[in-house]
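Below is one structure, written out as structure tokens; the observations come after it.
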Amino acid sequence: MTNQVLNGHITSADAFGAENLTKAQQQDMLATLFEQLLIFEKVTIRTNRTNEALNILIRNLGFDTVERLVKSGYIKFMIWSPVLVTNTGRARSDGTVDESVIYGTPPIGAGQLTDNDLDPEHNIKRVLDQFGNIPSKSKKQFVKQARNIYENIDGMDFSTNSADIIIDAYKNNTLSELGLPYGKEPDQLDLPERGKLLSLGHQVLETAVLSEYNLKSYNSFEHLKICEKNLENIGRGYNVANNTSHLLNMERLPNLKEIYYELHEDFDAVFKIRHMSGAKYYRKWINEIGDYSDAGDITYEYLQEIKGTYKVINSGAPRFLKNAIKFGASTAFSAIFKDPLSSAAAGYAFGLLEEYVIDGLLNGYNPSVFIDNIKEVVPPIVNKL
């Protein structure tokens, strides 16, 4: 399962406009990003035609921090090009709305952003031009770096398919359990019913994109039975977060979002915590077993890891086996230096590196190493509990 997650909290699913967000709402979005950066290798941030997400990040974190996130490869952006809309009526001259015109029209329309809106350089420059305090040279360097981490998706294909799926589901009465039973033709739905259908359409759209790009979701879509095929390929990122919170609570620590606030919203702490001993191993471990595990399962796995049940190097394995592992690793690495073009040597060494170093067998990592190190970062918090 992938170790990348989609962050759709910094900007809305509306491809066209920006929301008027309060300071508290923006800080909650940043706390979520802080949490995601500590439990996933990479975060894909959804943004729209105004590049609202980049704007919010620079305004709240500062240009230097955002540039560091980009350079480090921790984040990338996805311009949300699919568009789903519904007819909301026609405005009258007196300020009222004539809703009668919606009847007889399709309940959902599909579209996509223009090529200009999808151009990464144009998208980035439009935001940077709003910040007069950033030197021109820095802006040019940032555009050059960031344009390669913007991902475009086939908006029309996704939006058209999603509109067709949700309308067909309504006509087959599949949405009755979601509060939208089939009782009239789709083009006769009233404004509230169209709004509900549009909301469900956006959820179908998101599951399709997540499935196609192999990203984990921070939203639950289990109620969407019409998306069962997509759901098979979507990791439950929110479950990874919940299980991490459970383990931190076991160790008398607040969850990662609370830690962000306790650190006085010092977002740059994420760079230190991501590189702590055992942090990379923890991200890999929790993503491998945390998607579908409940609190009981994750507790068992965590305790087993601490006891070394899954650690050959720390177990009661015979000494000759431990020595063989270490000897095999050193032999493979020596082979690479002697003959770097040897595919056999390279493949063998990479396998050992992946299995023994990254997985923590030779270094003795387990999930508690990372959590113990967090305690050193937030001792004042621990003392309060």
Side-chain angles (χ1 to χ4, degrees), residues 1-2 4-17 19 44-49 52-53 77-88 102 105-113 117-118 151-239 291-292:
M1 179 57 71
T2 180
Q4 299 188 37
V5 67
L6 175 69
N7 181 308
H9 295 76
I10 297 178
T11 187
S12 68
D14 183 355
F16 291 104
E19 294 181 289
T44 296
I45 300 173
R46 183 180 66 197
T47 191
N48 52 22
R49 65 179 294 274
E52 181 186 5
F77 293 89
M78 178 179 283
I79 303 176
W80 203 254
S81 60
V83 176
L84 291 177
V85 296
T86 188
N87 191 343
T88 58
I102 70 174
T105 65
I108 296 180
Q112 67 177 350
L113 297 181
D117 290 327
L118 295 174
E151 193 160 30
N152 291 335
I153 58 181
D154 188 340
M156 183 59 77
D157 185 47
F158 277 111
S159 55
T160 300
N161 288 339
S162 298
D164 290 343
I165 288 172
I166 199 66
I167 292 173
D168 184 67
Y170 167 74
K171 292 167 69 174
N172 286 287
N173 204 35
T174 309
L175 307 181
S176 59
E177 296 180 5
L178 303 176
L180 199 60
Y182 177 71
K184 61 185 84 167
E185 288 303 303
D187 62 3
Q188 294 303 309
L189 292 173
D190 60 27
L191 210 53
E193 291 167 335
R194 287 170 182 245
K196 185 172 291 186
L197 195 69
L198 181 64
S199 177
L200 290 170
H202 279 300
Q203 294 181 57
V204 170
L205 176 59
E206 185 168 329
T207 63
V209 173
L210 288 164
S211 178
E212 178 70 19
Y213 287 87
N214 201 26
L215 296 170
K216 292 190 176 182
S217 169
Y218 240 47
N219 297 312
S220 173
F221 295 107
E222 275 80 354
H223 61 289
L224 289 179
K225 296 180 180 179
I226 53 177
C227 294
E228 288 180 352
K229 184 62 178 176
N230 288 343
L231 295 177
E232 291 177 5
N233 302 322
I234 297 175
R236 300 195 296 180
Y238 63 90
N239 214 44
D291 270 7
Y292 295 95

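The model shown is predicted, which means the values in this text are computed figures rather than measured ones.
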Open item on the list: With rounding to the nearest 0.5 angstrom, report the CG to CD1 distance, Asp291 to Ile234.
Closed with: 11.0 Å
TODO: Any chance you could measure Arg194, atom CZ, to Ile102, atom CD1, to the nearest 0.5 Å?
DONE: 4.5 Å
Open item on the list: Whether the side chain of Ser81 engages the backbone of Ile153 through a donor-acceptor N/O pair (distance < 3.5 Å, no angle test) should be reported.
Closed with: yes
- [ ] State which residues pass side-chain contact (heavy atoms from CB on, under 4.5 Å) with Glu212; sequence neighbours excluded, sorted by chain then number.
- [x] Phe158
- [ ] Output all residues satisfying salt bridge (Lys or Arg N to Asp or Glu O under 4.0 Å) with Glu185, sequence neighbours left out; order by chain, then residue number.
- [x] none
Open item on the list: Please enumerate all residues that pass side-chain contact (heavy atoms from CB on, under 4.5 Å) together with Asn219, with sequence neighbours excluded.
Closed with: His9, Glu206, Ser217, Phe221
Open item on the list: Before you tell me yes or no, could you show the steps for Leu197 and Tyr170 under side-chain contact (heavy atoms from CB on, under 4.5 Å), namely the whole-Å CA-CA distance, both residues' side-chain angles and the distance that decides it to 0.1 Å?
Closed with: CA-CA 8 Å; Leu197 195 69; Tyr170 167 74; 4.1 Å; yes
Open item on the list: Test your reading of the model: is there a side-chain donor-acceptor pair from Thr86 to the backbone of Pro107, 3.5 Å cut-off?
Closed with: yes
Open item on the list: Would you say that more than 12 heavy atoms from the other residues, nucleotides or ligands in this model lie under 6.0 Å from the NZ of Lys184, or not?
Closed with: yes
Open item on the list: Within this structure, what is the CG-OG1 distance for the pair Asn87 and Thr105, rounded to the nearest 0.5 Å?
Closed with: 4.5 Å
Give the table of side-chain donor-acceptor pairs shorter than 3.5 Å for residues 222-229, with sequence neighbours excluded, one pair per line with atom names and distance.
residue, atom, partner, partner atom, Å
Glu222, OE1, Ser220, OG, 2.4
Glu222, OE1, Tyr238, OH, 3.2
Glu222, OE2, Arg236, NH1, 3.1
Glu222, OE2, Tyr238, OH, 2.8
His223, NE2, Gln203, OE1, 2.9
Lys225, NZ, Glu177, OE1, 3.4

Task: Non-neighbouring partners of Asn173 that pass side-chain contact (heavy atoms from CB on, under 4.5 Å), sequence neighbours left out - done: Ser176, Pro181, Tyr182
Open item on the list: Tell me every residue that passes side-chain contact (heavy atoms from CB on, under 4.5 Å) with Pro106, counting only those two or more places apart in sequence or in another chain.
Closed with: none
Open item on the list: Under a 3.5 Å distance rule, please check whether Asp117 uses its side chain to pair with a backbone N or O of Leu113 as donor and acceptor.
Closed with: no
Task: Main-chain N/O of Glu52 paired to Asn48 side chain as donor or acceptor, under 3.5 Å - done: yes
Task: Spacing of Glu193 atom CD and Leu198 atom CG [to the nearest 0.5 Å] - done: 13.5 Å
TODO: Identify the two heavy atoms, one from Leu118 and one from Asn152, that lie closest to each other, and give their separation to 0.1 Å.
DONE: O-ND2, 3.1 Å
